[in-house]
Amino acid sequence: NHKKNDEYKVATGDIGSATIVHKNVWQRFFHTIKVAHIPYIMFIVFIVMDIAETTFLVYFPQVNADFFNGDASVSSVSMFLGCEIASMFVCQIVLYVNQVFRAKSNRNLRNVLWGKILRVKPRFYDKVSANTLLSRITIDTESLNAFLLDIVWQMILSIYTLVLTIREMSKISLKASFILLVFVPLAILISFIMGRLNIKFENAAKFKMSNLTDYLSELVSSLPVVKSFNRQKFEEKRGDTVINEYYVAQRNLIGLDVLKQIVGTIFGVLPEVVIIFMGVKLLTSKNIDAAGWYIFYTYAGSLLSFVVELGGYWQNTKTVQGQLATVTQVLLEEEEGLDHYVNEVVESGDISFDNVSFAYDENPVLNKVSFTIAKNKMTAFIGYSGSGKSTLLKFIERIYEPDEGRILLGGKELKDYDLTAWRDKIAVVSQESPMISGTIRENILYGIKREVSDEEILNAAKLAHVDEFISKCPNGLDYNVGQFGSKLSGGQRQKISIARAILSNPEYLILDEPTASLDILSANEINATIHNLQGKMTIIIVAHQPDVINSADNIVVVNQDHTAVEGTHRELKANNDFYKKLIHNELEVVLDEK
């Protein structure tokens, strides 16, 4: 259970703890490589060019040794300048290939990840926020390149360079080379210790920053409430505490950076002193000339730099490991619609819930619920907020599957029908009425898979009572609704959603409180539209309006104990105490009169 909890924190980006466990990094790495469509040919070209560049740079001091030994001849100067120019061009070409490879890899992985997010089972969205998913696609995808190029490949290249460097140093002075190698394990140890401390302090700073962001984002949106209750001083103290905690974490990280600089300087000076003393001794004993000393000194500096880099790779691995784990966790999620369906062609018929039970995590929502939604009839769901009405609609949409029990369509299990074919038969109008950025036309036609004339669109808009609004808009159907429909009111968005549902001509129309965000006049118009559609399709609606409930052929009441009962208004009023309490006195009068 603890392991599953850690994996959940990784998947959801939960950093409620400063320490996050990331297991099986190599397994995750190779899995991501497998599915990410890496441009392998470009990667091979980059590796070959990078090795060539590295080899050239290793032998560069030897090529220009005569120039640094005082040879100012034309050939020596030309060789030096030629090597410098060639080195510059090679470096830029390698850099270009590197950056293009990164861009292509990021593009391919983002495409794979986005496609995966669209295909995963919808319950995944319950545990991962939209902002977290955006981070996975935009930021965390870069972790693959960071791990592949900046850690794995650079580690291999550094080891290759280290071997070449040691070999060339040994040719100049084997004894001096062995003396310098004493500093290698010391450099690795220091890098390891500093890396551990850096990860610890960085995680602490991120954790405190997360707390500060959460606190401020919550309070900024609730400032009127704070003022209404005169809690300014209280929240000021809370804010000071959270801000100070982040400051302390930052201060610790700054102190560690200073310590790293001091240790790095000491460690850098000590080998320099040793190298200088060895150089003086070698030059004095005539065992080496000035050119040889230049080559050895250059190699010695490179050797120590490579050793420090190797120690830093461990630190980078731990940093990238978390991002890679989150990306892979998404890629490992189950997808919907991959099952072999017993029935490819979806039939029409009654929808029956047979002893259906369901829970979000461990919170029960439905308990052995049974009822029938008759074909071409209107069934209304009613119950207190949070009682499970919207969850019942998600079962019909096949967003969720029951934990227990069955959902039948015409006597056959709904889950055995092809998922895509089933969703083609239904249309959904939710409370939120989501809009896509674009025109009114594009929003009404969203999901419509046939050619549709403007006349059909306007007829659907008329039935949804949004035609008058469209006629007054600049450009009519081609009026841009803004991002997420920001230029429209809630009621206008709702009516456009209903027009889209009507235009799709579904066999099953699902309405989740379609008049919740409308004024009285608009709500009456939508209710009239619903009445006009009765008998033409199966209507499933969550509503509490007297007109809608009274006109429903069947009413399903979701009780507070997570059970459900069905019947007409008069039947439920006579036999169900909860229904009596749920229906207000004014509503009872209206319904009785009707």
Worksheet item: Taking the side chain as C-beta and beyond, is there a heavy-atom pair between K449 and D424 under 4.5 Å?
Response: yes
Worksheet entry | Neighbour count above 12 (heavy atom, 6.0 Å) for K377 NZ | no
Worksheet item: Do the non-hydrogen side-chain atoms of K462 and L458 ever get within less than 4.5 Å of each other?
Response: no
Worksheet item: Is the backbone N or O of D240 less than 3.5 Å from a side-chain atom of N244, with the two atoms forming a donor-acceptor pair by type?
Response: no
Worksheet item: Does atom CG of L118 have more than 12 heavy-atom neighbours, drawn from other residues, nucleotides or ligands, at distances under 6.0 Å?
Response: yes
Item to complete: Please report the shortest heavy-atom distance between T568 and E571, naming the atom on each side.
Response: N-OE1, 3.0 Å
Discussion item. Please give me the minimum heavy-atom distance between V466 and A499, naming the atom from each residue.
Written reply: CG1-CB, 4.5 Å
Practice prompt. Return the minimal non-hydrogen interatomic distance between V112 and A36, and the atom names on each side.
Written response: CG2-CA, 4.4 Å
Discussion item. So which atom in D512 and which in S390 form the shortest heavy-atom distance, rounded to 0.1 Å?
Written reply: OD2-OG, 3.0 Å
Discussion item. Testing the basics here: between A380 and A552, what is the closest heavy-atom pair and its distance to 0.1 Å?
Written reply: CB-CB, 3.8 Å
Worksheet item: Quick one: do E333 and K121 make a salt bridge, cutoff under 4.0 Å?
Response: no
Fill in: Side-chain heavy atoms of M378 within contact of V548, under 4.5 Å
yes
Fill in: Check: L477 and T439 side chains under 4.5 Å, non-hydrogen atoms
no
Item to complete: Measure the spacing between CD of Q329 and CG of D140 and express it to the nearest 0.5 Å.
Response: 12.5 Å
Discussion item. If you count every heavy atom of other residues, nucleotides or ligands that lies below 6.0 Å from Y125 atom OH, does the total exceed 12?
Written reply: yes
Response to the item:
To the nearest 0.5 Å, atom CD of Q492 lies from atom CD1 of I470 at 10.0 Å
Discussion item. Between Y246 and Q250, do the side chains contain a donor N or O and an acceptor N or O under 3.5 Å apart?
Written reply: yes
Practice prompt. Check whether any side-chain N or O of R398 sits under 3.5 Å from a backbone N or O of L414 as a donor-acceptor pair, and report yes or no.
Written response: yes
Worksheet entry | Heavy-atom donor-acceptor pair, N145 side chain to R102 backbone, under 3.5 Å | yes
Worksheet item: With a 4.5 Å limit on heavy-atom distance, are the side chains of D553 and Q534 in contact?
Response: yes
Worksheet item: Less than 4.0 Å between a side-chain N and a carboxylate O, is that true for K394 and E397?
Response: no
Worksheet item: Any ion pair linking E142 and R110 (charged N to carboxylate O, less than 4.0 Å)?
Response: yes
Practice prompt. For the residue pair D561 and T563, confirm or rule out a side-chain donor-acceptor distance under 3.5 Å.
Written response: yes
Worksheet item: Do any N or O atoms from the side chain of K389 and from the backbone of G383 form a donor-acceptor pair under 3.5 angstrom?
Response: yes
Worksheet item: Can E525 and K495 be counted as an ion pair, charged N to O under 4.0 angstrom?
Response: yes
Discussion item. I need the I382 CD1 to I541 CD1 distance, nearest 0.5 Å.
Written reply: 11.0 Å
Discussion item. Nearest 0.5 Å, please: how far is CD1 in I502 from OG in S497?
Written reply: 11.0 Å
Discussion item. I373 and side chain to side chain contact (heavy atoms under 4.5 Å, CB included): which single residue from I396, L392, N554 fits?
Written reply: I396
Item to complete: Could you check whether the rings of Y479 and F469 sit parallel, tilted or perpendicular, using 30° and 60° as the cut-offs?
Response: perpendicular
Item to complete: Show your working on side chain to side chain contact (heavy atoms under 4.5 Å, CB included) between L511 and L533 and close with a plain yes or no.
Response: CA-CA 12 Å; L511 304 161; L533 294 174; over 6 Å; no
Item to complete: Specify the closest pair of heavy atoms between A359 and P364, including all atoms of both residues, with the distance to one decimal.
Response: CB-CA, 3.8 Å
Worksheet item: Are side-chain heavy atoms of L133 and F124 found at a separation under 4.5 Å?
Response: yes
Worksheet entry | K573/R570 under side chain to side chain contact (heavy atoms under 4.5 Å, CB included): CA gap, chis, key distance, verdict | CA-CA 5 Å; K573 180 183 175 184; R570 295 188 183 278; 5.7 Å; no
Worksheet item: Under the 3.5 angstrom rule, does the side chain of Y400 hit a backbone N or O of P122 as a donor-acceptor pair?
Response: no
Worksheet item: Distance-only, no hydrogens or angles: does the S357 side chain make a donor-acceptor pair with backbone N or O of K368 under 3.5 Å?
Response: yes
Practice prompt. Could you give me the CA-CA distance, side-chain angles and deciding distance for K260 and L256, then say whether side chain to side chain contact (heavy atoms under 4.5 Å, CB included) is met?
Written response: CA-CA 6 Å; K260 286 164 62 178; L256 179 62; 4.0 Å; yes
Worksheet item: Does the S370 side chain pair with the main chain of N355, one donor and one acceptor, at a distance under 3.5 Å?
Response: yes
Worksheet entry | E404 side, atom CD; L366 side, atom CG - distance, nearest 0.5 Å | 11.5 Å
Fill in: Y508 side chain near L409 side chain, heavy-atom distance below 4.5 Å
yes
Worksheet item: Is any side-chain heavy atom of I399 less than 4.5 Å from a side-chain heavy atom of R423?
Response: yes
Worksheet entry | Test side chain to side chain contact (heavy atoms under 4.5 Å, CB included) applied to V225 and R231, step by step | CA-CA 9 Å; V225 178; R231 301 292 284 175; over 6 Å; no
Discussion item. As an exercise, state the distance from OG of S387 to NE2 of H562, rounded to the nearest 0.5 Å.
Written reply: 9.5 Å
Discussion item. Strictly distance-based, threshold 3.5 Å: is any side-chain N or O of K487 a donor or acceptor partner for the main-chain N or O of G482?
Written reply: no
